[in-house]
Colleague: 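Following this message is one structure expressed as structure tokens.
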Number of protein chains: 2
Amino acid sequence: MATTSARASGQLSERKAAILRALVRQYIRTGEPVGSEMLASTSGLRVSPATIRNELAALEELGYLTQPHTSAGRAPTHLAYRFFVDLLPSRPHLRGSERLAVVQFFEEALADVDEILRGTTLLLSRLTRYASLALAPSLKESVIARCELIGLGSSTLLLVVFDNGRVEKRLVDVPEDATEEDLERVSRSLSSAFRGMTVGAAKQEADRNAAATREPDAAVLRKVGGALGSIDAAAEAEHVLLGGVANIAGEGAFDRRETVREVYEALERESALLHLLREAASTPPVSVMIGAENSIPGMLEASVVAAPFGAGGGAMGTIGVIGPLRMDYESAISAVRIVAERLSAAVEALRS
Amino acid sequence: MATTSARASGQLSERKAAILRALVRQYIRTGEPVGSEMLASTSGLRVSPATIRNELAALEELGYLTQPHTSAGRAPTHLAYRFFVDLLPSRPHLRGSERLAVVQFFEEALADVDEILRGTTLLLSRLTRYASLALAPSLKESVIARCELIGLGSSTLLLVVFDNGRVEKRLVDVPEDATEEDLERVSRSLSSAFRGMTVGAAKQEADRNAAATREPDAAVLRKVGGALGSIDAAAEAEHVLLGGVANIAGEGAFDRRETVREVYEALERESALLHLLREAASTPPVSVMIGAENSIPGMLEASVVAAPFGAGGGAMGTIGVIGPLRMDYESAISAVRIVAERLSAAVEALRS
DNA sequence: TGCTAGCAGTCTCGGCCAGAGAGTGCTAAC
DNA sequence: GTTAGCACTCTCTGGCCGAGACTGCTAGCA
């Protein structure tokens with residue numbers, strides 16, 4: 001029995017675990033190293049500070065704690081945050097007023113997924129007071145609703161409308177000798193040919209058709225295929241939305257100015273964020289990446305709490321918040337989780 | 001003659017002006033208050049520090065300078081920056097390598113104005129090491145190239161393609177009793193009816209047509225009119241692009257952490273930025289707003305350098321950079337100006 | 001009259017020191 | 001195994017001092 005519970009807490013005795021939890025909670029609140037005296041009065045354990053000191057020394061030995069200097073209290077390491085997060089109760093809890101804000105937000109009907117997501121980032125950052133991010137649903141799985149060529153004076157635009165309301169466009173430089181009529185003809189065929197396909201499939205179809213068609217239409221189709229390929233390639237790479245980024249520079253978050261800059265820099269590199277959020281998409285319901293656990297160099301001092309959302313169980317995208325290592329994981333996890341649930345319901349409703 | 005040049009320099013004697021210029025330049029470089037000794041050696045004037053001290057005392061009296069404390073040097077006030085900027089030579093000068101970067105950037109052909117602008121913000125922030133902003137061309141003056149209704153399962157999307165390649169879309173909740181065919185029929189009429197119009201004009205046309213048409217098409221047209229009105233209303237409000245915002249938290253820029261947060265907050269409020277950039281649109285070639293001169297509360301510690309761009313003389317939009325009061329106005333102005341010129345040429349080429 | 005050299009005065013800044021306070025680790029006793 | 005007690009260490013604050021940076025003023029000079 002004793003060993004069982006020790007294993008359940010990750011090799012730590014019940015008491016060590018209790019002390020560690022109390023310490024992390026306290027540190028998250030104050031940002032100051034925590035001492036044994038303080039812990040003795042707040043941890044709820046009926047032991048003396050001296051006993052706690054012994055435990056703290058052991059926890060430091062185990063790598064859960066650090067001391068800035070000998071006469072300071074202890075601060076949590078990455079390991080301690082990880083431990084803390086892993087033992088958090090999975091039931092989200094949000095204050096009534098906040099829960100209400102979430103519900104109200106999703107009551108308004110919004111046009112398309114992107115628009116809903118933009119609002120969602122603002123909602124999340126208002127709730128958590130951290131910066132928030134959202135990875136929009138990948139176009140890879142969306143299906144084409146319409147596809148046509150549009151002449152704009154000198155240039156020609158390929159327009160692709162997806163079933164979720166998103167629109168992608170590319171300039172295509174059609175061959176010099178293609179007439180207005182050629183374009184019309186090809187354009188008419190596109191929608192019927194590609195409707196219901198993913199972009200990837202449509203690209204292949206375009207290439208195949210080009211081979212089986214006479215010039216000059218074949219040349220136009222090849223260009224269309226190229227443009228579709230470009231849309232396909234960029235399909236995931238384009239949409240990371242941010243909200244409440246001023247929170248990063250705010251008081252409660254990062255101590256060092258340099259860290260603030262690093263985080264802003266990381267946020268500007270979309271590809272890195274994408275990688276991060278896509279990882280989170282595969283670990284429902286909520287994934288927490290603490291410090292170095294996230295894959296972005298230069299974000300060692302930041303943690304990310306993220307959750308996938310989607311209609312009917314499939315992950316469409318990811319939302320999350322980004323904050324300091326000593327972020328308030330309990331509220332952040334609750335907020336992200338609840339918002340992800342409601343968001344899933346909202347996109348489901350949109351799709352039906 | 002003496003009075004003339006005094007007036008030209010804004011009531012300051014030649015020598016005061018020279019000293020003030022040297023001081024501002026120095027302060028911009030170092031961020032440290034500047035003393036009389038330093039000025040004596042760098043201003044190029046052949047006078048002693050004592051003389052300079054007399055002049056500095058007078059300049060302080062006039063409101064151009066402040067002293068953090070008695071034994072510090074002097075720092076410029078807003079007035080001094082304004083004076084400095086007003087006397088800057090209007091010929092832009094950029095280092096060869098930077099000029100090359102600008103030219104190279106605009107050699108690549110890009111799909112639409114938004115895409116070019118997004119790249120332009122990155123270019124500007126790389127050149128200046130400040131955050132950059134761009135106000136995209138208003139749709140008010142763009143003209144509709146195509147307009148149609150697209151059914152997406154349960155909902156219907158109104159799609160409007162503009163001649164500059166931009167695409168706007170709105171969900172329209174068509175009347176329950178409208179059939180697939182009704183929609184098709186209305187949709188076919190839209191493009192031919194609205195081509196070449198601005199959104200505003202198209203909205204009026206739709207409303208007029210609705211009145212002159214039989215049900216059920218009239219009901220659909222009314223909805224389309226509503227959606228067009230919404231696009232028209234949002235036409236200007238939607239597009240402020242940002243680039244290089246990490247620079248705001250960087251070393252060279254703002255001293256106080258609180259200021260950094262304020263600026264980020266201001267950048268998140270699009271409406272404020274819009275107002276700012278629209279003002280700048282009317283003062284070619286380059287406008288400089290120093291501290292309180294910009295209309296955004298909470299940005300007293302920031303300056304904005306902005307320039308309008310556009311094809312054929314008309315202002316389409318605005319680009320600019322935002323930095324600290326002690327921003328390097330000379331480079332910033334040069335960079336913004338040259339980029340605006342090239343950008344104007346690029347959109348002109350796009351349109352032709 | 002305007003400029004300048006010299007000088008006294010003022011203020012910040014860094015270093016140093018001492019005392020207070022916080023927190024620890026160790027030891028010895030329960 | 002727990003705890004009280006204690007010596008120890010280290011930071012932090014405030015006070016103090018001297019160095020350094022500038023200034024403003026005054027008096028003398030062209």
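First the proteins, then the strands, lettered A, B, ... as listed; each starts at 1. Computed from heavy atoms alone, side chains included, the values below leave out hydrogens, waters and symmetry copies.
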Colleague: NE2 of B/H69 versus P of D/dG20: gap in Å, rounded?
Modeller: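 After rounding, the reported distance stands at 17 Å.
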
Colleague: Is it the case that A/S334 and A/S331 place a side-chain donor and acceptor less than 3.5 Å from each other?
Modeller: no

Colleague: Give one of base, sugar-phosphate or nothing for B/Q67, where a contact means two heavy atoms less than 4.0 Å apart.
Modeller: sugar-phosphate

Colleague: State whether B/T70 places a side-chain N or O below 4.0 Å from either non-bridging phosphate oxygen (OP1 or OP2) of C/dG9.
Modeller: no

Colleague: Is the phosphate of D/dG24 approached by B/R74 (side-chain N or O, under 4.0 Å from OP1 or OP2)?
Modeller: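 Yes, because at least one side-chain N or O of B/R74 sits under 4.0 Å from OP1 or OP2 of D/dG24.
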
Colleague: Give a yes or no on whether a salt bridge exists between A/E330 and A/R25, defined as a side-chain N under 4.0 angstrom from a carboxylate O.
Modeller: yes

Colleague: Considering all heavy atoms of both residues, which atom of A/L12 and which atom of A/Y64 are nearest to each other, and what is their separation?
Modeller: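 Minimum heavy-atom contact is CD2-CE1, 3.9 Å.
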
Colleague: Quickly work out the B/I52 CD1 to C/dC3 P distance and round it to whole Å.
Modeller: 11 Å

Colleague: Does D/dT26 have OP1 or OP2 sitting under 4.0 Å from an N or O in the side chain of B/R53?
Modeller: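 No, because none of the side-chain N or O atoms of B/R53 sits under 4.0 Å from OP1 or OP2 of D/dT26.
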
Colleague: What is the distance, rounded to the nearest whole Å, between atom CG of A/L65 and atom P of C/dT24?
Modeller: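 In whole Å, C/dT24 P lies 10 Å from A/L65 CG.
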
Colleague: In whole angstrom, give the distance that lies between atom CD of A/E55 and atom C1' of D/dG1.
Modeller: 10 Å

Colleague: Under 4.0 Å between any heavy atoms, over every strand shown, what does B/T51 touch: base, sugar-phosphate, or nothing? Just pick one.
Modeller: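 Base contact.
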
Colleague: In whole angstrom, what separates A/Q26's CD from C/dG23's P?
Modeller: 11 Å

Colleague: Run the salt-bridge test on A/E265 and A/R269 with the 4.0 Å N-O cut-off and return the result as yes or no.
Modeller: no

Colleague: Tell me which of B/S71 and B/S48 sits closer to the 5' end of DNA chain C, going by the nucleotide each one is nearest to.
Modeller: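 Upstream on the strand: B/S48.
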
Colleague: Any salt bridge linking B/R82 with B/E293? Criterion: basic side-chain nitrogen under 4.0 Å from a carboxylate oxygen.
Modeller: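 Yes.
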
Colleague: Could you tell me the separation between the CG atom of B/L59 and the C1' atom of D/dT23, rounded to a whole number of Å?
Modeller: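 The answer, rounded to whole Å, is 15 Å.
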
Colleague: On DNA chain D, does the nearest nucleotide to B/E37 precede the nearest nucleotide to A/A50 from the 5' side, or the other way round? Give the residue.
Modeller: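 The residue closer to the strand's 5' end, by nearest nucleotide, is A/A50.
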
Colleague: To the nearest Å, how far apart are A/E60 CD and C/dT24 C1'?
Modeller: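 These atoms are roughly 10 Å apart.
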
Colleague: Taking atom P of C/dT4 as reference, at what distance in whole Å does atom CG of B/L56 sit?
Modeller: 14 Å

